[in-house]
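The model shown is predicted, which means the values in this text are computed figures rather than measured ones. Quick note on labels: first sequence line is chain A, next is B, and so on, each numbered from 1.
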Amino acid sequence: MARHLITSAIPYINGIKHLGNLVGSQLPADLYARFQRARGNEVLFLCATDEHGTPAELAAAKAGKPVAEYCAEMHAVQSGIADGFRLSFDHFGRSSSEQNKALTQHFAGRLADAGLIREVSEKQVYSNTDGRFLPDRYIEGTCPNCGYDKARGDQCENCTKQLDPTDLIDPRSAISGSTDLEVRETKHLYLCQSQMKDQLEEWIDTREGWPILTTSIAKKWLTDGDGLQDRGITRDLAWGVPVKKGTEDWPGMEGKVFYVWFDAPIEYIAAAQEWVDAGKGTDWERWWRTDKGADDVRYTQFMGKDNVPFHTLSFPATILGSGEPWKLVDYIKSFNYLNYDGGQFSTSQGRGVFMDQALEILPADYWRWWLLSHAPESSDSEFTWENFQTSVNKDLADVLGNFVSRVTKFCRSKFSEAVPEGGAYGPREEALIETLSTRIRAYEAHMEAMDVRKSAGELRAIWVAGNEYLQDAAPWTTFKTDPEAAAMQIRLALNLIRLYAVLSAPFIPDASAQMMEAMQTEDDSWPDDVPAALQLLTPGHAFTVPDVTFRKISDEEREGWQEQFSGIRS
RNA sequence: GGGCCUGUAGCUCAAUUGGUUAGAGCAGAGCGCUCAUAACGCUUUGGUUGCGGGUUCAAGUCCUGCCGGGCCUACCA
């Protein structure tokens, strides 16, 4: 039995995520986790909220709450929505946990001992009004290049010129608008990634079969300009993991915290500890320590492309630099962006459909199917309401849902609400089984390779095969002349419903559960042996006719939603 | 500015990494079926693979120059 450690990029705490965030990490990670569990493998699937950093502090201030309280509330909200989408995390942790604090400080101490941390004194803009240092992008002013008056301190959005905050004319705080700014000297810790460049490059170069998106971004950072740069891993903030060297104070770093991108990936490990401490597991080290049983673990990470540099370089640098036997990632599955109706989804602008809104409109399975079958794997992809309506109505309602409906209703009207007896397979059934076997093996291969869209396509083809068979066998005709043959045909079709429920569960878990319930079986064993899997429901086994598995989206609804989501989220 | 990705049917995407006549789904057209959520099945129209050169026995695939789209560029996360 293989063991799979699976993590999804951890969503930031400052609000509810949109569908683009969902399809870029959590949802495909869930698909893979569910598939591996279904195959009988051992899975630890972890996620968490990423809670530190300036945006969290500002969001809390805007909400008028202490940041710890705000994060606790938002974690509960995000956790609830994750449940709503049926994301099957074994634990949904928090990067602000005590476990992560201790572990982050531990890693920093190990890196310092290894000589991989250096102190850098630098100048940074401080806002007296806001009482805080301002990251470059939180300073606004007039662009010296083009005169745009809302240029940010890191880059002018109008002319795309890269800027230094001190370049800005009439700089002001983007938070308060205050112009009472000054440049102050401050000291920070830098992780000496440059010392590890060769080691990291060799590691990246020897990874096989990684998405081009993953390796090309990593290589770019390794080789661009002067090569991999050292990175600041501390910030002058109140909210975060206090800077410590292991359990000891770090002289000169009082009042500072670690940079969120330093502690966030470490939360992948801490979440496993949280999982144990929450009483859900017993041994987290056998997942994370290669000296304590994690040797045979296969570790897969899922993320959007914006997260790739941190997962291919910074976090591995932390792990490798520690000199301790922590488990390194085996495969990084990265995604492009999902756009919304001709533009980008935007959290800050409230553009697009957000996770909570999506669930208010339709059940999770509808979204899961569309998002996964259109996952932005090879390039950015686009959500449109027309496309969503078409896919849901055609794939889910017509091809799969209607199959369940026609089979169960036919059996109820011509036989009874039990699997009918009699008849034997002929060439037509043998051909169907052969087709299904080939397709199921292809589906497994695509799922194993995390080819999400191809997997969805193959699954759909498996559903279609059932309709083709029914059309060909035509039990409604056979019934008039040879009822036993019709019984055999519909018995096979009823077994197909159970088979479809098992195969489809990673994509549409609720509908699969409903189909299993209708078939009144709890045998969700994977069809390694397809002929056997199609004889599991034996003559006399009772079933029920389910309610509509998937309803259709009407033109009126679609138009209404188009209108409803065309503006800005309030 | 630099780098990376991308451009294939009306739409959304494939194409075993240079190999036969570029394939699917949706939309369109025709036929069939009547168990079913007016659902299902079969057949079919539709392509100068963004444009121009080049390499090769062979190019959607490799090289080169244009044109368009997107992303990244290290203090947002």
Side-chain angles (χ1 to χ4, degrees), chain A residues 9-14 50 52-56 58 122 124-125 133-139 152-155 160-162 164-165 174 188 193 212-213 215-217 219-221 223-225 228-232 235-236 259-261 264 304-310 313-314 336-337 339 344 347-348 373-374 376-382 384 386-387 390-391 393-414 453-454 456-457 460-461 464 466-479 486 489-490 493 545 547-552:
Chain A
I10 64 178
Y12 199 66
I13 195 71
N14 68 340
D50 179 12
H52 296 137
T54 308
L58 298 180
E122 56 194 15
Q124 200 163 1
V125 175
F133 282 95
L134 297 177
D136 291 356
R137 69 163 42 200
Y138 284 102
I139 301 159
R152 291 191 324 211
D154 55 343
Q155 186 173 36
T160 74
K161 184 177 172 62
Q162 287 173 63
D164 199 72
H188 282 297
Q193 299 183 134
I212 294 170
L213 188 63
T215 49
S216 65
I217 291 173
K219 293 290 282 183
K220 154 80 170 162
W221 279 60
T223 58
D224 194 40
L228 187 61
Q229 301 298 297
D230 294 345
R231 188 169 196 110
R235 292 289 183 274
D236 289 295
Y259 174 43
V260 359
W261 262 114
K305 57 186 169 186
D306 51 331
N307 278 321
V308 169
F310 303 99
L313 303 169
S314 305
N336 288 285
Y337 293 144
N339 290 319
Q344 294 191 342
T347 302
S348 57
S373 61
H374 294 79
E377 289 178 298
S378 57
S379 61
D380 293 352
S381 65
E382 176 160 319
T384 64
E386 288 87 353
N387 192 309
T390 300
S391 292
N393 289 358
K394 205 70 202 170
D395 300 345
L396 297 181
D398 293 347
V399 176
L400 177 61
N402 182 55
F403 178 81
V404 174
S405 179
R406 68 193 295 204
V407 169
T408 52
K409 286 180 180 170
F410 178 81
C411 189
R412 180 175 62 184
S413 80
K414 296 293 192 283
R453 276 193 314 227
K454 284 182 183 172
R460 186 189 192 281
V464 167
N467 284 312
E468 287 172 348
Y469 170 75
L470 278 190
Q471 181 65 30
D472 195 28
W476 47 91
T477 304
T478 319
F479 182 76
Q489 290 162 348
I490 215 67
V545 176
D547 294 333
V548 169
T549 313
F550 291 100
R551 71 175 187 83
K552 292 204 185 196

Presence of donor-acceptor pair under 3.5 Å, side chain of [X] and base of [N]:
X	N	result
A/N402	B/rA39	no
A/E122	B/rC75	yes
A/Q124	B/rC75	yes

[N] phosphate, OP1 or OP2: any side-chain N/O from [X] under 4.0 angstrom?
X	N	answer
A/K394	B/rA38	no
A/Y337	B/rC72	yes
A/K220	B/rG2	no
A/R137	B/rC76	yes
A/Y259	B/rA77	yes

### Task
Please name all residues satisfying side-chain hydrogen bond (donor to acceptor under 3.5 Å, both in side chains) with A/Q124, sequence neighbours left out, ordered by chain then number.
none
Which part of the nucleic acid, if any, lies within reach of [X] when heavy atoms closer than 4.0 Å are counted: base, sugar-phosphate only, or nothing?
X	value
A/Q229	base
A/G232	nothing
A/F479	nothing
A/P55	sugar-phosphate
A/V548	base
A/V407	nothing
A/K552	base
A/F403	nothing

How many angstroms lie between [atom1] in [X] and [atom2] in [Y], if you round to the nearest 0.5 Å?
X	Y	atom1	atom2	answer
A/E382	A/H374	CD	NE2	11.0 Å
A/N402	A/R406	CG	CZ	6.0 Å
A/N307	A/I10	CG	CD1	9.0 Å

[M] and [N], which share atom name [atom1], separated by this distance in whole Å:
N	M	atom1	value
B/rC13	B/rG53	C1'	30 Å
B/rG19	B/rG60	C1'	13 Å
B/rU45	B/rG2	P	47 Å
B/rU34	B/rG41	C1'	12 Å
B/rU16	B/rA9	C1'	22 Å
B/rG23	B/rU43	P	15 Å
B/rU61	B/rU8	P	14 Å
B/rU44	B/rG25	P	12 Å

### Message
Are the side chains of A/R231 and A/Y259 in contact, using a 4.5 Å heavy-atom criterion?
### Response
yes
With sequence neighbours left out, what residues match [X] under salt bridge (charged side-chain N to carboxylate O under 4.0 Å, His left out)?
X	value
A/R551	A/E557
A/D472	A/R428
A/D395	A/R460

### Query
More 5' along RNA chain B: A/F550 or A/D395, using each one's nearest nucleotide?
A/D395
### Task
Would you classify B/rU17 as syn or anti? Syn applies when the glycosidic angle is within 90° of 0.
syn
## Note on the structure
Side-chain atoms of A/W221 come closest, of B/rC40, B/rC4, B/rC72, to B/rC72
Check: [X] side chain, [Y] main-chain N or O, donor-acceptor pair, under 3.5 Å:
X	Y	answer
A/N336	A/E377	yes
A/Y337	A/P376	no
A/N467	A/V399	yes

### Query
What pattern of brackets, bars and dots sums up RNA chain B from 5' to 3', given Watson-Crick or G-U wobble pairs under 3.5 Å, [ ] for crossing pairs and | for another strand?
(((((((..((((.....[...)))).(((((.......))))).....(((((..]....))))))))))))....
### Query
How far apart are the C-alpha atoms of A/F403 and A/L470, what are their side-chain angles, what is the distance that settles it, and do they pass the side chain to side chain contact (heavy atoms under 4.5 Å, CB included) test?
CA-CA 9 Å; A/F403 178 81; A/L470 278 190; 3.8 Å; yes
### Task
Nearest whole angstrom, please: distance from the P of B/rC35 to the CG of A/D472.
17 Å
### Message
I need the NZ-P distance between A/K219 and B/rC4, as an integer number of Å.
### Response
12 Å
### Query
Are the ring of A/W476 and the base ring of B/rC35 both nearer than 5.5 Å at their centres and tilted by less than 30°?
yes
#### Entry: Where protein sits on nucleotides 10-16 of chain B, one letter per nucleotide: B base, S sugar-phosphate only, - none, heavy atoms under 4.0 Å
--SSSS-
